[in-house]
Each structure stands twice: as structure tokens, then as C-alpha cells.
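The structure under discussion appears below in the form of C-alpha cells.
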Amino acid sequence: MDQGTVAIKRGLAQMLKGGVIMDVTNAEQARIAEEAGAVAVMALERVPADIRAQGGVARMADPRKIKEIMEAVTIPVMAKVRIGHFVEAQILEALGVDFIDESEVLTPADERYHIDKHRFKVPFVCGARDLGEALRRIGEGAAMIRTKGEAGTGNVVEAVRHMRLIMDGIRQLQVLPEEELMTASKELGAPFELVLETRRLGRLPVVNFAAGGIATPADAALMMQLGADGVFVGSGIFKSENPARRARAIVEAVTYFNDPEVLARVSEGLGEPMRGIDVRKLEEKELLQIRGQ
Amino acid sequence: MKRMVQIGVLALQGDVQEHMAMVEAAGGRAMEVRTREALREVDGLIIPGGESTTIGGLMARYGLDEAIRERVRDGFPVFGTCAGLILMASEVDGGEPPLLRVMDVRVQRNAYGRQRESFEAKVEVPLLGADPLRVAFIRAPRIERVGPAVEVLATYQGRPVLVRQGNLLGATFHPEICGDPRVHEYFLLVITS
């Protein structure tokens, strides 16, 4: 019997497809998320909107908080580590967390290198803004990719941009003649073998979720129609007026993303969504997505 | 020309595409099933791997649980893998109460531990030939008891991992993500015989 193999790590991500992963900051929120139909929860100290508002260094959550959330639910529990902080990752693996998010939402610990994710038995998910970034993270051992979007804004525009860039990158690879692939690999800054595999599959070799700014059932369905395998919702649920209802509605929207009648029904009367931020009004230094390339 | 067997894959959540690819590799035709209408069009149904609480909740909200149970009473073939098996079981430990209750087995959810305890292994299935199957157990359930009508087709570490009861088939592992279509070929046989 073999544990922590590529198939096992990528396999858990495959089981999450068509689902919604929700940010939670305590056991009660975790139970609300599970009850609403989340496929996993992301255990956090603060949701991205609060990290953005409060500033300071954002780090891995307190292990006690993570354990409390792991005890509260039977679905997989994910947690975030700072980019490059492999000791935070060792701690999360020791805790038995099911998936680690090496996340730009936390303050990076290393501005040059990401974690060597092949060394871990627990799978990792990483953010990406385009195909090259996605394939670099997979090359380092990521078992799942998500768009970076712009976390904590409640504004889907950056997630859309990143998903389109990834999908365009894949479509472009598929029409290139063979002799151009090595140069494409060089220009993408991506491992050649992964470029070939992506071209052959017509999709990323790992599951690809949308994240960063999703706040409504329509946002979630939009990302699914653009080709996402599933959706992360961060601040969008527990920063809204009626989290339980909104969570349920987003779960149904991800399953029935191609059925506008269902989308119309589940979008009705959800109360106030999170307020949101116009991303164009943010200064370059306030953007989370530029962390870790 | 004989009509190809049409197999539905319950597409509420989970690794639907992986199952569809295996059905095609086994020589069947696959379609996604999200509604009661679509369920009526298929000759058999696969309930994929995924999160059983999520799939179960959506099944109940959209009335698919009752629709599936009704068809099963008339001998409709259903194959559940991992979460799918949990949803078919008559008794479930460690989570939501049983949903479909069509297969006389008791299962324990997440019985091997958390994700770091998930594993790949070779499983001998005498019925499918001498070559063992290489399959994945991901946060897998364990079958703790099987009823008298249940036939055990394969065991791993002394426990049943692939079981059949009439036209119902259940696996605690994922045959759909390791590239070997033999279990899906067997399910096609269950449907056509």
C-alpha cells in the first residue's frame, strides 16, 4: 500500500469537483458550511476581507482553532500556509489537515521560492493567474490549482481574468505545431513535460477551481461556465447577511451552473451580499494576487 | 444495430468526468444525470466519488433519492464508488444518516483516517482475471457488515471492498481514477445480462 502518491493527492482534488469550498473561522461556521453542502472547509483565523481591512502579518491559523474545526465536521478540512513557509506546512501535515493551501492571502514568508510540495504526503492547492504560473506550481508538486482572483474584495473580475488567461493559454497550446512547444514552454516559464501533458489533455493535469471574489450564486455559475472544476468562496458567505442561505444557494448554483431557471430560483431573496471593493481603486501594493509568481 | 448501453453518472458533485471516461473505455455510452427526467433515460446509474454529505443533500433537495429508490425496486442497476456506496448503504456510521438504503451493508465513513492515510493498493478481484486491480482508497469508507443477499467480490486486508447485491454494485475504492476499466466493464455486464 502506497500513501501520498501523486494519484492519491490529485485524487482527493478530483473528489472535490463540482463542489464549493468555504472559508470558516470557527466550529459553528464549519457546521453551517457542511450543512449547506460544502465539499470542504478552509480553516482560517480571519477571512480575507478582514485580513485586508486589519492589515498586519497574516500567518497560519492557531492549531487549536484548526483542530476545533476538524472535530466539528466530517468533510475534508483545508488550511493555509504562507508562500514558502514549509515549516507551517509541516505543522499542518502533523495536525492531519486534509489539504494545504499555499496562499497569497497570507503574508509571504519567501519572496523567491515556493514550498517543495513533492516532499509532503498531504496534497497542496496553489493560486495562479495564468497558465505558466499554474504549471510552475504543478511542477513544484501542487495537486490542485485555483485562480488567485483578488481575495477579500467580493469582486469576481480578477477571478474571471485569471480563469480566462489559463483557459486561453491551454487553447493556444493545442493549436501550436510541435516544433514551437519548447519555445512556448520557455516563454510560459513552465516545465516542458507539463506543457506537453496539458496540450494532450486539453486541460490542466490537475483539478482547477475558481477563487478570489466570488460572492453570489451567479458569480459561482459564471466561473463554472468559464471552465472551473469547482469554486472556493472566502469572505462571500460569512460576510453576507444570511450565510446559511447564501451557502446553500451557491452549492446549488455550482451543480446546476448550466440551468438558468435553477439559478434564478436560488438567487432570490438571499439578503445583502458582502459589500465588495472596486479592484481598480486598490493600489498595486494592496493587491494580494501579485504575491508569489 | 444493437443500441449501446446508456449509463448515467449522477452529476451533482464528484469525479463525474472520470467515471464517464471509464464507461466509454468499457464500451458504453455515458451521460450526466442531474434531474429526475434524465434519470428516466438511462439503463443504469453510477454514483461517483465525492463528498457523500454534499451529494446526499442535493439528491434529497431535488427529489432524486426517491426517484432512484423507486427505479431500484424494479431492478435498476446502480454502481456506487466510495461516497456512492455510502449513499446506497442501509446503515452508516460516522456522519449523516443513510440516504438511499438500497444495499444491505453497514459502512463506516472515513474509516482509514484522514487524507494522509489515504492510499493506493492492488486488490485481487478473481472475477475480473488474475491481474490485480490497482485502485485508490481516498478517505475511504469500510464495509463493516454485509447482509445475506450481498455477494463479496473482493476483499482487502480481510474486509469486503467490492460487493454486489442483485443489480447493485458497490466499491469502497475508486476504480475510475487509475485507468483500469475492468470494474466498469463488469457493471456493463450486470446491466446487459
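Quick caveat, the model's predicted, so the values are computed rather than measured.
By the neighbour-count criterion of 12 heavy atoms within 6.0 Å, atom CZ of A:Arg171 is densely surrounded, having more than that number from other residues, nucleotides or ligands. More than 12 heavy atoms of other residues, nucleotides or ligands lie within 6.0 Å of CD in A:Gln225, so this atom counts as buried by the packing criterion. Other residues, nucleotides and ligands contribute at most 12 non-hydrogen atoms within 6.0 Å of the CD atom of A:Glu268. Counting non-hydrogen atoms of other residues, nucleotides and ligands closer than 6.0 Å to CZ of B:Arg145 gives a total above 12. Heavy atoms from other residues, nucleotides or ligands lying under 6.0 Å from CZ of B:Phe76 number more than 12. Within 6.0 Å of CD in B:Glu24 there are more than 12 heavy atoms belonging to other residues, nucleotides or ligands. Residue B:Arg106 qualifies as enclosed at atom CZ: its count of foreign heavy atoms under 6.0 Å is above 12. Summarising the local packing, CZ of A:Arg64 is surrounded by 12 or fewer heavy atoms from other residues, nucleotides or ligands at distances under 6.0 Å.
Residue A:Ala33: no heavy atom, backbone or side chain, is found under 4.5 Å from chain B. Heavy-atom distances place both the backbone and the side chain of A:Val39 under 4.5 Å from chain B. With a threshold of 4.5 angstrom between heavy atoms, B:Glu96 does not approach chain A through any atom at all. Neither the backbone nor the side chain of A:Ala40 comes within less than 4.5 Å of any heavy atom in chain B. Looking at A:Val207, there are no atoms closer than 4.5 Å to chain B (heavy atoms on both sides), in backbone or side chain. Interface remark: B:Tyr62 contributes side-chain atoms only to the contact with chain A (heavy atom separation under 4.5 Å). Neither the backbone nor the side chain of B:Ala83 comes within contact range of chain A, judged by heavy atoms closer than 4.5 Å. Residue A:Arg248 touches chain B through both its backbone and its side chain, counting heavy-atom pairs closer than 4.5 Å. For chain B, the nearby part of A:Ala36 is the backbone; its heavy atoms alone come within less than 4.5 Å. With a threshold of 4.5 angstrom between heavy atoms, B:Ser118 approaches chain A through its backbone and through its side chain.
Atoms CD1 and CD, on B:Ile138 and A:Gln14 in that order, are 7.0 Å from each other to the nearest 0.5 Å. To the nearest 0.5 Å, the span separating CD on B:Glu117 from CD1 on A:Ile8 amounts to 12.0 Å.
Chain B forms more heavy-atom pairs under 4.5 Å with one residue of A:Glu35, A:Met70, A:Arg10 than with any other, namely A:Met70. Between chain B and the residues A:Thr5, A:Leu12, A:Asp229, the largest count of heavy-atom pairs under 4.5 Å involves A:Leu12. If you tally non-hydrogen atom pairs under 4.5 Å between each of B:His174, B:Arg61, B:Lys122, B:Glu18 and chain A, the highest count goes to B:Arg61. Annotation: maximal heavy-atom pairing with chain A below 4.5 Å, among B:Cys82, B:Gly14, B:Gly94, occurs at B:Gly14.
Within the 4.5 Å cutoff, no side-chain heavy atoms of A:Met1 are placed close to those of B:Phe137. Residues B:Glu51 and A:Met15 have side chains not in contact (no heavy-atom distance under 4.5 Å, counting atoms from C-beta outward). Annotation: side chain of B:Gln115 is not in contact with side chain of A:Pro76 (no heavy-atom distance under 4.5 Å).
One finds a salt bridge joining B:Arg134 and A:Asp2 here, because a Lys/Arg side-chain nitrogen approaches an Asp/Glu carboxylate oxygen to under 4.0 Å. Salt-bridge annotation for A:Glu93 and B:Arg116: absent, with no side-chain N of the basic residue lying under 4.0 Å from a carboxylate O of the acidic one. A salt bridge does not link A:Lys17 with B:Asp15: every distance from a Lys NZ or Arg NE/NH1/NH2 to an Asp or Glu carboxylate oxygen is 4.0 Å or more.
Between B:Arg34 and A:Tyr256 the shortest heavy-atom distance is O-OH, 2.8 Å. Shortest non-hydrogen contact noted between B:Arg114 and A:Gly96 is NE-O, 2.8 Å.
If you check the side chains of B:Arg109 and A:Thr74, you find a donor sitting under 3.5 Å from an acceptor.
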For this session: Take B:Gln13 and A:Val251 through the side chain to side chain contact (heavy atoms under 4.5 Å, CB included) test and state the conclusion after the steps.
Result: CA-CA 10 Å; B:Gln13 189 274 317; A:Val251 167; over 6 Å; no
